[in-house]
Amino acid sequence: MSAVGAGPPTAQPRDPLAVVRGRGYPVLLLLAAVLGAPVAAVAFGFLALTDKLQSWTYTDLPRALGFHGTPSWWPLPLLALAGLLTALTIRHLPGTAGHRPTEGLSAKGAPAVRDLPGVVLAALASLGLGAVLGPEAPLIALGAGLGAAAVRLVVRDAPPNVAASMGAAGSFAAISTLLGSPLLGAFLLMEASGLGGALLDVVLVPGLLASGIGALMFTGLGSWTGLGTYSLTLNDVPHAHAPTAAEFGWALVTGVAAACLGTGIKRLGVLLEARIAPRAVRGSVLAGLAVGGLALAYAEGSGRAASEVLYSGQNALGPLLDGSARYSVGTLLLLLVCKALAYGVSMSCFRGGMVFPSMFVGAVGGIALSHCPGLSLAPAFAMGIGGMCVAILRLPLTSVLLATLLMGSDGLTVMPLVITAVAVAYVTSLRLEPAAGEPPAAGAVSGGS
């Protein structure tokens with residue numbers, strides 16, 4: 001007699017790690033290892049070219065034209081040209097020159113090879129001429145596109161999951177040292193893409209392998225060329241003491257302030273993007289002039305270089321922290337306002353990533369707060385970075401790691417404060433998000449002139 005309630009036999013659940021145990025997985029790892037070196041070399045070349053373009057346009061060109069230094073108005077024509085070139089690239093080349101910055105840091109799969117020239121050219125025009133965005137988003141797209149293309153070139157009928165895994169490995173390799181550690185780049189990509197479970201197990205090992213090979217390639221090329229590794233590092237970090245009750249109070253304040261400022265920056269970008277989209281070329285040129293005007297206003301108001309407002313802020317974090325005593329509170333607040341506004345405007349039509357400008361804006365705000373009673377420089381700096389990163393990126397784990405690993409041996413000391421600031425900023429940012437009924441952001445910049 002059959003058991004009560006017995007039904008048809010159920011199929012055995014599929015082993016989620018069957019791919020890892022399969023015979024082809026070692027080949028996948030070999031492809032990831034082989035892929036890491038050339039992708040890292042391409043990424044290194046992109047970063048070196050961007051750095052040289054910034055130096056040539058902002059420093060060498062004015063001197064070649066007979067100026068004794070860089071005029072404070074110099075960013076105006078540079079950013080107008082950046083807007084023009086970026087808009088023309090988006091309009092005339094395949095794809096949309098990478099994802100829009102207002103979408104946040106996303107990992108939506110590998111772009112087609114035909115889209116990569118647009119990604120590179122728009123990023124070079126934006127980053128090389130002074131837009132307030134970072135290099136990580138175009139590098140992720142470039143690494144993913146090259147990785148997926150390499151697999152299809154070797155194995156023309158490669159399964160989609162293999163191409164996706166190699167695309168992810170290419171992204172890992174492309175940013176392997178950009179954030180200071182291959183592991184930090186891996187955390188960033190995993191959290192941004194939402195990888196988890198069995199899929200994480202399949203993608204993680206090839207990605208880490210490609211990232212490690214890429215880090216070695218960055219180190220070797222940096223030593224061979226003398227250009228360095230373009231890695232985020234701080235050489236002189238102020239000592240941090242054990243957290244105090246007052247500093248935990250300031251962590252709450254920092255989290256709320258970062259959430260409000262980050263939400264304001266993002267809303268500014270989305271609002272301007274909707275206005276610029278119908279008239280992309282003209283709007284992008286005007287946006288470039290606005291960013292240049294903010295840099296000019298800061299230079300005239302503070303007597304400092306306009307370049308402090310421009311670019312991603314990656315290379316400026318160390319000098320900012322080292323020279324923090326030479327900034328008055330008024331200068332810091334002026335820099336905070338100008339950089340934040342330039343960041344929001346840059347989101348609207350340029351192409352680049354969100355990480356480094358978030359870190360710089362948060363660092364400036366943290367240093368300004370360190371002048372308040374009961375808050376010292378090291379935790380204020382770290383909390384500002386963590387809070388602003390999570391407000392913009394919505395990646396809490398990555399934000400904590402970015403802020404604490406940057407502090408070196410003092411990172412563990414300030415970690416409880418950073419976690420508090422990040423948690424408060426994250427929850428507050430989600431509560432400040434537009435309601436579900438509000439209209440969505442405008443589409444990609446592809447309208448008329």
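Position 1 is the first residue of the sequence, and the numbers go up from there.
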Check your understanding: Does Phe360 reach the side chain of Val132, with side-chain heavy atoms less than 4.5 Å apart?
Key -> no
Review point. Is there a donor-acceptor pair closer than 3.5 Å between any side-chain N or O of Ser348 and the backbone N or O of Val345?
Key: yes
Review point. Okay, side chain of Ser346, backbone of Ala342: is any donor-acceptor separation there less than 3.5 Å?
Key: yes
Exercise for review: Flag yes if more than 12 heavy atoms outside His68 fall under 6.0 Å of its NE2 atom; otherwise flag no.
Suggested key: no
Point to revise | Whether Thr404 side chain and Gly411 backbone form a donor-acceptor pair below 3.5 Å | key: no
Exercise for review: Taking all non-hydrogen atoms of both residues into account, name the closest pair between Gly352 and Leu127 and its distance.
Suggested key: CA-CD2, 4.4 Å
Check your understanding: With a 4.5 Å heavy-atom cut-off, do Glu273 and Met347 have their side chains touching?
Key -> no
Review point. If we only count heavy atoms from C-beta on, is the Met217 to Leu221 side-chain gap below 4.5 Å?
Key: yes
Review point. Roughly how far, to the nearest 0.5 Å, is CZ of Arg351 from CG of Leu121?
Key: 13.0 Å
Exercise for review: For residues Cys260 and Leu432, determine if any side-chain heavy atom of one lies less than 4.5 Å from a side-chain heavy atom of the other.
Suggested key: yes
Point to revise | Heavy-atom neighbours of Trp56 CH2 exceed 12 at 6.0 Å | key: no
Point to revise | CD1 on Ile276 to CG on Leu271, rounded to 0.5 Å | key: 9.5 Å
Practice item. Spell out, as yes or no, whether a donor-acceptor pair under 3.5 Å connects the side chain of Trp74 to the backbone of Thr59. Key: no
Point to revise | Sidechain-backbone polar pair: Glu136 side chain, Val355 backbone, donor-acceptor under 3.5 Å | key: yes
Check your understanding: Side chains of Thr331 and Ser302: donor-acceptor distance under 3.5 Å anywhere?
Key -> no
Practice item. Identify the two heavy atoms, one from Gly128 and one from Thr57, that lie closest to each other, and give their separation to 0.1 Å. Key: O-OG1, 3.5 Å
**Study point:** Separation of Leu178 CG from Leu47 CG (nearest 0.5 Å)
**Key:** 6.0 Å
Review point. Of all heavy-atom pairs between Ala287 and Cys349, which one has the smallest distance, and what is that distance?
Key: CB-SG, 3.5 Å
Exercise for review: Flag the pair Leu116 / Pro111 as yes when at least one side-chain heavy-atom distance between them is below 4.5 Å, and no otherwise.
Suggested key: yes
Check your understanding: With side chains defined as the heavy atoms from C-beta onward, is the minimum distance between Pro101 and Leu133 less than 4.5 Å?
Key -> yes
Check your understanding: So how far is it from Asp322 CG to Leu234 CG, rounded to the nearest 0.5 Å?
Key -> 7.5 Å
**Study point:** Any side-chain heavy-atom pair of Leu124 and Phe46 under 4.5 Å
**Key:** yes
Exercise for review: State, without any angle test, whether Tyr298 and Glu308 hold a side-chain donor-acceptor pair at a distance under 3.5 Å.
Suggested key: yes
Point to revise | Sidechain-backbone polar pair: Ser399 side chain, Leu395 backbone, donor-acceptor under 3.5 Å | key: yes
Review point. What is the minimum heavy-atom distance between Thr86 and Ala122, and which atoms define it?
Key: OG1-O, 3.9 Å
Review point. Does the side chain of Ile140 come within less than 4.5 Å of Ile175's, by heavy atoms?
Key: yes
Exercise for review: Apply the test side-chain contact (heavy atoms from CB on, under 4.5 Å) to residues Val309 and Leu335: give CA-CA distance (whole Å), side-chain angles for both, the deciding distance (0.1 Å), then the verdict.
Suggested key: CA-CA 7 Å; Val309 171; Leu335 177 57; 4.0 Å; yes
Check your understanding: Out of curiosity, Leu321 CG to Tyr327 OH, how far, rounded to the nearest 0.5 Å?
Key -> 10.5 Å
Check your understanding: Distance-only, no hydrogens or angles: does the Thr70 side chain make a donor-acceptor pair with backbone N or O of Tyr58 under 3.5 Å?
Key -> yes
Check your understanding: Do the side chain of Ser55 and the main chain of Lys52 share a donor and acceptor less than 3.5 angstrom apart?
Key -> no
Review point. With distance as the sole test, does Lys339 use its side chain to make a donor-acceptor pair with the main-chain N or O of Leu310 at under 3.5 Å?
Key: yes
Revision key, fill the gap. To the nearest 0.5 Å, atom CE of Met388 lies from atom CE of Met354 at 11.5 Å
